[in-house]
Amino acid sequence: MTDRTSTKLFIQHPAEPECKLVGILEQLAPGEPTQGRKIALILHGTMGHKDYLFQKRLAVRLPLDSFRFDFRGNHETGGVWKQGALHEDIVDLQVVVDYLRSTYGYVIELLVGHSRGSIVAFRWLCTTEDGRKVSAFVNASGRYRMAKILESPAGTIWREHFAKHGFYTWNVTVARKQIVAKITPEDLENFVNWDTSIIWDQFPQTTDVLTVHGLSDKTVPPYDALIYARALSDRTPGTHTLHLMEDADHNFTGRQDDVVEAILQWWDVREREQLKTGIWATAVKGKL
């Protein structure tokens, strides 16, 4: 079998003529036909990019082809980033899915989302025909209680600036580049009002889910992971596996390899059709 290859793709965005979604296609057997082949999509979080945290490490180790990309307004993809424009991220995701299907014949088998990427993935899985056919999903650091962001240090700073200046200017480093983003009260309101409760009634019954969350997460409270576990554990034949990581923060700082290992082990158990709903512990030794 030919060694795996990495190919950068530029996908024309139908909603924005001057915008191309930039991503990396990892192929295990690039010389073989891709029609009907399964692929994983890896979705980054707020002010992230396709290669940050555990994303690239996971992509090069998954036992199936994968595609990871920058959402609109992030890193190499054009457009304007907006805190509250989760609906635009969902459009971006569908554009990618349509392109991979029409150009290569790929079938989406697995979604892996981190933080904002998880929120987007949940809505897409619940509300689209393509999403309901996806077999597996990894929810890493996903937020459920959207309004909790108002209680975070960032939320407090944003509102203070809203009162003084009418908006907040966010200076952040992305892929070693200085980025300036603008957050408005409307952005924050749209984010806070995003409905995550649809997962209780609309999440696909057949999709297996792994929720990974750090117990030292100061951005998204770990209790949100328990809410997802409650919502998704009473489905069949779909399963929900909860993996809580001690001493891990929101971005799994210093623990990215542990996240990759957990996902790969869960995937291996799934491939052997041995998944059971519950706490991720079987056959995995914790650091005591």
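Remember, predicted model here, so these are calculated numbers, not experimental data. Starting from 1, each residue takes its place in the sequence as its number. Side-chain atoms are counted along with the backbone in the values below, which use heavy atoms only and exclude waters and symmetry mates.
Follow the hydrophobic side-chain contacts under 4.5 Å out from Val107 and you never reach Leu9; the two are in separate clusters.
In the displayed structure, Glu18 atom CD is contacted under 6.0 Å by at most 12 heavy atoms of other residues, nucleotides or ligands. In Asn193, the CG atom is crowded: over 12 heavy atoms of neighbouring residues, nucleotides or ligands sit closer than 6.0 Å. By the 6.0 Å contact criterion, CZ on Arg145 is enclosed, its count of non-hydrogen atoms from other residues, nucleotides or ligands being greater than 12. Around the CD atom of Gln12, the shell of radius 6.0 Å holds more than 12 heavy atoms that belong to other residues, nucleotides or ligands. Within 6.0 Å of atom CD in Glu273, 12 or fewer heavy atoms from other residues, nucleotides or ligands are found, so the atom counts as exposed in its surroundings.
Side-chain contact between Phe203 and Val209: present, with at least one pair of heavy atoms (C-beta onward) separated by less than 4.5 Å. Put simply, the side chain of Leu21 reaches to within 4.5 Å of the side chain of Val95, judged on heavy atoms. Between Val138 and Leu111, every side-chain heavy-atom pair lies at or beyond the 4.5 Å cut-off. A heavy-atom distance below 4.5 Å is found between the side chains of Phe67 and Ile11. Under the 4.5 Å side-chain criterion, counting only non-hydrogen atoms from C-beta, Phe54 is not in contact with Asn251. Side-chain contact between Trp124 and Leu43 is absent, with no heavy atoms from C-beta onward closer than 4.5 Å. A heavy-atom distance below 4.5 Å is not found between the side chains of Leu62 and Leu28.
In this structure, CD1 on Ile39 lies 7.5 Å from CD on Gln27, to the nearest 0.5 angstrom. Considering CH2 of Trp81 and CG of Asn74, their distance stands at 8.0 Å, rounded to 0.5 Å. Atom CG of Leu232 sits about 8.5 Å away from atom CG of Asn139, to the nearest 0.5 Å. One finds the CZ atom of Phe191 at 4.0 Å from the CD1 atom of Ile149 (value rounded to the nearest 0.5 Å). One finds the CG atom of Asp224 at 6.5 Å from the NE2 atom of His213 (value rounded to the nearest 0.5 Å).
The closest donor-acceptor contact from the side chain of Gln83 to the backbone of Thr184 lies at 3.5 Å or more, if one exists at all. Counting only distance, with no hydrogens or angles, the side chain of Thr196 and the backbone of Tyr144 share a donor-acceptor pair below 3.5 Å. Proximity of a side-chain donor or acceptor of Thr277 to a complementary backbone N or O of His240 within less than 3.5 Å is detected. Here the side chain of Asp249 pairs a donor or acceptor atom with the backbone of Thr253 at under 3.5 angstrom. Here the side chain of Ser141 pairs a donor or acceptor atom with the backbone of His250 at under 3.5 angstrom. Checked by atom type and distance alone, the side chain of Thr103 pairs as donor or acceptor with a backbone atom of Tyr99 at under 3.5 Å.
Residue pairs meeting the side-chain hydrogen bond (donor to acceptor under 3.5 Å, both in side chains) criterion with at least one partner in residues 59-72, sequence neighbours excluded, are His13-Arg72, Glu16-Arg72, Glu26-Arg68, Arg37-Asp65, Lys50-Asp70, Asp51-Arg68, Arg61-Glu261, Asp65-Tyr106, Arg72-Asp92. For the side-chain hydrogen bond (donor to acceptor under 3.5 Å, both in side chains) condition, the pairs that include at least one residue of residues 150-165, sequence neighbours left out, are Lys148-Glu151.
By the salt bridge (charged side-chain N to carboxylate O under 4.0 Å, His left out) test, Lys38 is found to be paired with Glu109, residues two or more places apart in sequence or in another chain being considered. Take Asp130 and apply the side-chain hydrogen bond (donor to acceptor under 3.5 Å, both in side chains) test, not counting sequence neighbours, and it matches Gln94, Arg101. For His44, the ring pair (Phe, Tyr, Trp, His ring centres under 6.0 Å) partners two or more places apart in sequence, or in a different chain, are Phe71.
Remark: Arg123 qualifies as a cation-pi partner of Trp194 under the 6.0 Å distance and 45° angle criteria applied to the six-membered ring.
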Evaluate side chain to side chain contact (heavy atoms under 4.5 Å, CB included) for Lys276 paired with Thr239, printing each intermediate quantity in order. CA-CA 6 Å; Lys276 295 181 180 179; Thr239 62; 5.9 Å; no
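A salt bridge links Glu76 to Lys8: at least one charged side-chain nitrogen sits closer than 4.0 Å to a carboxylate oxygen.
Val22 shares a hydrophobic cluster with Phe10; the chain of contacts runs through ILVMFWY side chains whose heavy atoms sit under 4.5 Å apart.
Donor-acceptor pairing under 3.5 Å is lacking for the side chains of His243 and Thr211.
Of all heavy-atom pairs spanning Thr207 and Val134, the tightest one is OG1-O, 2.8 Å.
Proximity of the aromatic rings of Phe122 and Tyr228 is defined here by a centroid distance below 6.0 angstrom, and this criterion is met.
Note: His75 and His49 have tilted aromatic rings, judged against thresholds of 30 and 60 degrees for the angle between ring planes.
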